[in-house]
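Below is one structure, written out as structure tokens; the observations come after it.
In this text, all values refer to a predicted model and were calculated from it rather than measured experimentally. Only this structure's heavy atoms are used, side chains among them; waters, hydrogens and symmetry mates stay out.
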Amino acid sequence: FKMAFSSSKLQLLFPLLLFCVIRYAEAQRVSTPHIVLFLADDYGFADISYHTSMYGNDSNVVHTPKLDALAYEGIRLENYYVQPVCSPTRSSIMTGRYVHHTGIHAPFMDSSSSVLSIKEVTLAQKMKEAGYATSMIGKWHLGFKSWEYTPQERGFDYFFGYYAGSQDYWNHESLCWPGGVPDGCFSSKYGEATTGYDLHRNRESVNSTEYSTIMYTDEAVRAINGHHAKLLGGSLQPLFLYLPYQAVHVGNKATPKHPEYGLDQAPEKYIKEYSYVTNDMRRNLSAMIAVMDEGAGNVTDALKATDMWKDTIFIFSTDNGGPTGDMASNYPLRGGKGSLWEGGVRGIGFITSGDPTHWGITRMGYINKEMIHVSDWLPTLCDIAGCKLNGTLPLDGVSAWPSIARNEPSSRTQIPHDICFVSMGGSCAETGWDRASLRDKDMKVILGQNGNGSISLFNVTADPSETNDISKENPEMVKTMLATINKMAVGGIACDRDPIDPRSDPVLHGGEWLPWL
């Protein structure tokens, strides 16, 4: 039969129909959760305020209310380990493999041709295989000698950030770091290390003088809003958002040609909040952390405002311990960035969600003390996302999802913090002696941290500050653990000190760090 509607009736029905369509679109839930991986750079163990509440502090308390709230409502990982420095941690996140297998034991130099091997299958590639939209906003630091090694060619649909290891927070220039290589930054040519602009959206350079932490936060919010628009349009594609912030790594060191690098690396209003801190470096660091904390809050607020939070797994991690020379605090842990002490490798980590039960998390708001290593994120996120683990090089990481989601005992009992033997070459040959460390259940052995041939043994469960070396009382245990290290070292490599390439010099590329091959 035929039914006719007057224009007035259609006008009355249209808002109702539109409301139903919108409600239907909002009601659709992705079959696998959105995943946000927020990676802080050089963040000290004691520089998040929930840790000062747990363990005390040896400096001013840095207030982190946004991160604290997320951690308290989620699952705090208090037996979580990363690598001592940045590129190695990033390589383990991306590959699910130990650094003596990726060959990346030290930070990459901007002028070097070192890269994460193209043979490695990345976490982003696995997320894409599982049907995810993949975006990266922040610091890459896994090599960029040619385009094939940059983020978009390693699995990310979208990239906004920088390639190098550190830069000025305001003008986004990356001052070349020479590592241990003589004239590794062409100082003989220019009188000081070369420098170059380093900010890119996909393959295009972006001009900006916006403070980087705020800039990356705003970009993350735009990415979330953009993905939400696709969901409202009927897409059911989940989002993998990798946020390796520049914060709170120090900026460039001032040079005679670039005294502006010595300017405060945080906005003034945040520095004023810590005006009572007498040490300039510590005051600036406290302010940098405050901006990052606010950024984490703004990112999660955007997820909540778009109703994506209920379908999100949010992970927070550090990349290594805080650099004590730059006034970071890792209290009560010994040492810091670059060391095999707990202060170098034990990281801040937590995971939370807006609707944990829906995603199989049976317990929230507790401290998880199961052993977890940064290489576990690839198999863990594949466990969550449903991606298959075939096609990768042999994985070292294991899924921590049963431990995190259901508080089950971890299948992990050992973590090699690093195995860096002189015979491997690369950065491992720079000190002239072997360095390695192995955690095995409660015990941790360290080789070469205090110089050639030095050996220490600690029960880090009972003695997390590593004050009581028990190696002399336990020679057989030391012998067994060193034998395990030697067995693990078979086939180990170091490919993090490829030759300096003069073609990398930003002067040859319009003053920018860009792929040069």
Side-chain angles (χ1 to χ4, degrees), residues 15-38 66 69-75 123-137 155-158 217 219-243 296-317 350-366 368 377-389 399-408:
L16 178 61
L17 290 170
L18 182 61
F19 174 77
C20 291
V21 168
I22 292 172
R23 290 300 300 163
Y24 178 79
E26 288 178 346
Q28 303 309 295
R29 298 193 69 170
V30 289
S31 58
T32 53
H34 309 299
I35 297 171
V36 177
L37 176 53
F38 192 118
K66 303 296 186 180
L70 291 167
Y72 280 127
E73 73 183 18
I75 302 159
L123 173 60
Q125 289 169 315
K126 281 296 169 186
M127 291 291 106
K128 278 181 70 71
E129 287 178 13
Y132 276 69
T134 55
S135 291
M136 175 185 166
I137 298 169
F156 289 101
D157 298 320
Y158 177 77
T217 297
E219 188 72 15
V221 170
R222 279 191 290 270
I224 291 165
N225 290 336
H227 194 79
H228 177 244
K230 294 178 182 178
L231 295 174
L232 288 180
S235 171
L236 292 176
Q237 185 179 32
L239 172 66
F240 172 56
L241 180 56
Y242 176 46
L243 298 177
N298 289 344
V299 168
T300 52
D301 284 348
L303 290 164
K304 293 171 184 176
T306 55
D307 205 30
M308 290 171 62
W309 181 241
K310 68 177 186 293
D311 287 332
T312 297
I313 301 290
F314 182 93
I315 300 155
F316 182 89
S317 172
F350 65 80
I351 186 167
T352 189
S353 174
D355 188 357
T357 304
H358 184 80
W359 300 111
I361 300 175
T362 60
R363 187 181 175 192
M364 292 277 280
Y366 79 100
N368 183 296
W377 286 123
L378 186 148
T380 299
L381 298 191
C382 276
D383 205 352
I384 297 169
C387 49
K388 297 178 180 178
L389 296 178
S399 176
W401 191 236
S403 299
I404 293 170
R406 300 184 292 277
N407 200 24
E408 294 178 4

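Among all heavy-atom pairs drawn from A220 and V299, the shortest one is CB-CG2, 4.0 Å. Contact between N298 and V221 at its shortest, heavy atoms only, is O-CG2, 3.9 Å. Taking all atoms of both residues into account, the shortest heavy-atom contact from W359 to S353 is CD1-OG, 3.9 Å. Nearest heavy-atom pair across H358 and R29 is CD2-NH2, 3.6 Å. Nearest heavy atom pair, residue A405 against residue G360, reads CB-O, 3.6 Å.
Side-chain atoms of W377 do not come within 3.5 Å of backbone N or O of S399 as any donor-acceptor pair. Of the possible polar contacts, none joining the S135 side chain to the Y158 backbone as a donor-acceptor pair under 3.5 Å is found. No side-chain donor-acceptor contact under 3.5 Å links T306 to the backbone of N225. Of the possible donor and acceptor atoms, one in the side chain of H227 sits under 3.5 Å from a partner among the backbone N and O of Q237. A donor-acceptor pair under 3.5 Å is formed between the side chain of N368 and the backbone N or O of S403.
Put simply, CD1 on I224 and CZ on R222 are 11.5 Å apart, with the number rounded to the nearest 0.5 Å. Put simply, CG on D307 and NZ on K310 are 3.0 Å apart, with the number rounded to the nearest 0.5 Å. Interatomic distance, L232 CG to Q28 CD, rounded to the nearest 0.5 Å: 11.0 Å. Atom CZ in R363 sits 14.0 Å away from atom CD1 in I404 (nearest 0.5 Å). Once rounded to the nearest 0.5 Å, the distance linking CD1 of I315 with OG1 of T352 reads 11.0 Å. Once rounded to the nearest 0.5 Å, the distance linking CZ of F156 with OG1 of T134 reads 6.5 Å.
Counting heavy atoms from C-beta on, the side chains of F316 and L70 never come closer than 4.5 Å. Residues L303 and V36 have side chains in contact (heavy-atom distance under 4.5 Å, counting atoms from C-beta outward). Residues F240 and L381 have side chains in contact (heavy-atom distance under 4.5 Å, counting atoms from C-beta outward). Put simply, the side chain of L389 reaches to within 4.5 Å of the side chain of P379, judged on heavy atoms. Residues L241 and F38 fail the side-chain proximity criterion, which asks for heavy atoms closer than 4.5 Å. Side-chain atoms of F314 and T300, non-hydrogen and from C-beta on, do get closer than 4.5 Å to each other. Taking 4.5 Å as the limit, every side-chain heavy atom of H34 sits out of range of all side-chain heavy atoms of I313. Between I137 and Y242, every side-chain heavy-atom pair lies at or beyond the 4.5 Å cut-off.
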Under 3.5 Å, sequence neighbours excluded: what are the donor-acceptor pairs made by side chains of residues 123-132?
{"residue": "Q125", "atom": "OE1", "partner": "T122", "partner atom": "N", "Å": "2.7"}
{"residue": "Q125", "atom": "OE1", "partner": "T122", "partner atom": "OG1", "Å": "3.3"}
{"residue": "K126", "atom": "NZ", "partner": "E129", "partner atom": "OE1", "Å": "3.0"}
{"residue": "K126", "atom": "NZ", "partner": "K388", "partner atom": "O", "Å": "2.9"}
{"residue": "K126", "atom": "NZ", "partner": "N390", "partner atom": "O", "Å": "2.5"}
{"residue": "K128", "atom": "NZ", "partner": "D157", "partner atom": "OD1", "Å": "2.5"}
{"residue": "Y132", "atom": "OH", "partner": "T32", "partner atom": "OG1", "Å": "3.2"}
{"residue": "Y132", "atom": "OH", "partner": "P33", "partner atom": "O", "Å": "2.5"}

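The environment of K304 atom NZ is dense: over 12 non-hydrogen atoms of other residues, nucleotides or ligands sit within 6.0 angstrom.
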Does the pair L243 and T217 meet the rule for a side-chain contact (heavy atoms from CB on, under 4.5 Å), with working shown? CA-CA 9 Å; L243 298 177; T217 297; over 6 Å; no

side-chain contact (heavy atoms from CB on, under 4.5 Å), that's the test. Do I75 and Y366 meet it? Break it down for me. CA-CA 5 Å; I75 302 159; Y366 79 100; 3.7 Å; yes

